[in-house]
There are 2 protein chains.
Amino acid sequence: MLNSPPTTDWREARRQSAHDAIVDAAWSLADDMGLAGWSLRDLARRAGITVPTVYAYFDSKNEIYDAMFGRAASIFAERMAEPFDVEGPREILVASVHRFCEFCTSHPARYQLLFQRTLPGFEPSPDSYAHAIAALAGARHRLSLNGITEARHVDLWTALVTGLADQQVANDPGGDRWTRLIEESVVMFLTHCQSTPLAPSRGPHRVGTKGPPT
Amino acid sequence: MLNSPPTTDWREARRQSAHDAIVDAAWSLADDMGLAGWSLRDLARRAGITVPTVYAYFDSKNEIYDAMFGRAASIFAERMAEPFDVEGPREILVASVHRFCEFCTSHPARYQLLFQRTLPGFEPSPDSYAHAIAALAGARHRLSLNGITEARHVDLWTALVTGLADQQVANDPGGDRWTRLIEESVVMFLTHCQSTPLAPSRGPHRVGTKGPPT
DNA sequence: GTCTATAGCTGGATAGAC
DNA sequence: GTCTATCCAGCTATAGAC
């Protein structure tokens, strides 16, 4: 009877749900007012509580940003891991870019927090980062299904995909000026990578690279 | 003798130089503390003046941001318009991407203000935008020297280039993980565009497009 | 855990002497 | 144009009753 109660209590669950409600309200505000355009007063009002109650769950505003990052990264990883309703490795790759761009353009504030480093003194915690790494592993897998395994090509891929999403978010939000280039971009990328033979099943040695020096 | 003095006075010149000195100090602070990480007090201290003196030259902090944008856009346009010390249209294209990425990575705060839209309520004034348009015209010209004239391909180009710069700034500042992919990227891009024949000198009609629907 | 009340500070912006 | 001095709104964060 003197034992302390188990940590996985219904209390814990309630606390967790209140915690999540605050993060939800924070994201709602960020979508409306911009990532840095809201205060703890605003947050408390939207969550239907008061500022000290916020501090019962978070030690600082930065901790709230970190929770927002963690949640967004988790959603991102889950979304990108969902199965694709197309067949063929190339079609899956195309669909993944469409999904990525849709993820980015649908919530610009989320895109800003996850993929641009714009908040003054904010750094995401390491475990939040794990989600992003998992998502990158998924992309690597989809690339490998297309015979792309070289690190150089993976980097080129991330540049191409983020460039499309970035231009779409920045210069044509709500439109399709860049997303409609996705299929063509994938064709360009695959054609290029498959035309630089590297004996993929023979090992990691490089053959006939014309690559940039330095 | 009762005539008012001409407006292009030495007074104007002195006022202009004081104005510029404040903008210089603002950029110096932005580089050190982040684009939004400084106050008017900080700015005055670094400029060696006081806050009310700042208000003798600018009506608000947003007006300072606009002046910063204008100056950065002007420098950008000038930098990208400088001649390239290489020969051949392809080599010029490669050199222009190197120059662009160097411009972006050397001052991340400047990159953030010019190419990412991250400040809460800030919109650059139209004349500041003129510089950016001039720079885009330069890129269009360099592309046309390589036979690239289609709007779709220009958009693909901007996505590719900004993607490289963005990844370099965000994930490997100070390194060359993405900038070393520039030449390969240009080869990939040109090979792709030149393999989609469009009878460039025959007019704007499209031939054999396999392009994305919708 | 949640509140009322407020501390302590910093932000942008101004008044008015010189 | 430049200063000293200050206003006031807003911010994050906390004290202490319940």
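To find a chain, count down the sequence lines: A is the first, B the second, and so on, and within it residues start at 1.
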> Within the distance-only criterion (no hydrogens, no angle test), does the side chain of W27(A) pair as donor or acceptor with the backbone N or O of M68(A) below 3.5 angstrom?
Replying inline: yes
State, with a plain yes or no, whether a side-chain heavy atom of E184(B) is found less than 4.5 Å away from one of L181(B).
-> yes
To the nearest angstrom, the OH-P distance between Y65(B) and dG11(C) comes to 12 Å
Fill in: Pairwise side-chain contact, I148(B) with F189(B), heavy-atom cut-off 4.5 Å (strictly under)
yes
DNA chain D: first to last nucleotide in contact with chain B (atom under 4.0 angstrom from a heavy atom), 5' to 3', is dG1(D) to dA5(D)
Strictly distance-based, threshold 3.5 Å: is any side-chain N or O of D42(A) a donor or acceptor partner for the main-chain N or O of S39(A)?
yes
Please tell me if the side chains of R99(B) and E82(B) come closer than 4.5 Å, counting only heavy atoms from C-beta onward. yes
- Please find out if less than 6.0 Å separates the ring center of W38(B) from that of Y65(B). yes
Under 3.5 Å, which N/O atoms of the protein pair with N/O atoms of nucleotides 12-14 of chain C?
from, atom 1, to, atom 2, distance (Å)
dG12(C), OP1, K61(B), NZ, 2.7
dG12(C), OP2, L40(B), N, 2.8
dG12(C), N7, R41(B), NH1, 3.4
dG12(C), O6, R41(B), NH2, 3.2
dA13(C), OP2, Y55(B), OH, 2.6
dA13(C), OP2, K61(B), N, 3.1
dA13(C), O5', Y55(B), OH, 2.9

Which is it for Q167(A) and T158(B) under the side-chain hydrogen bond (donor to acceptor under 3.5 Å, both in side chains) test, yes or no, and what are the steps along the way?
CA-CA 8 Å; Q167(A) 289 291 97; T158(B) 62; 3.2 Å; yes
Handout entry: F115(A)/F76(A) aromatic ring centres below 6.0 Å
Key = yes
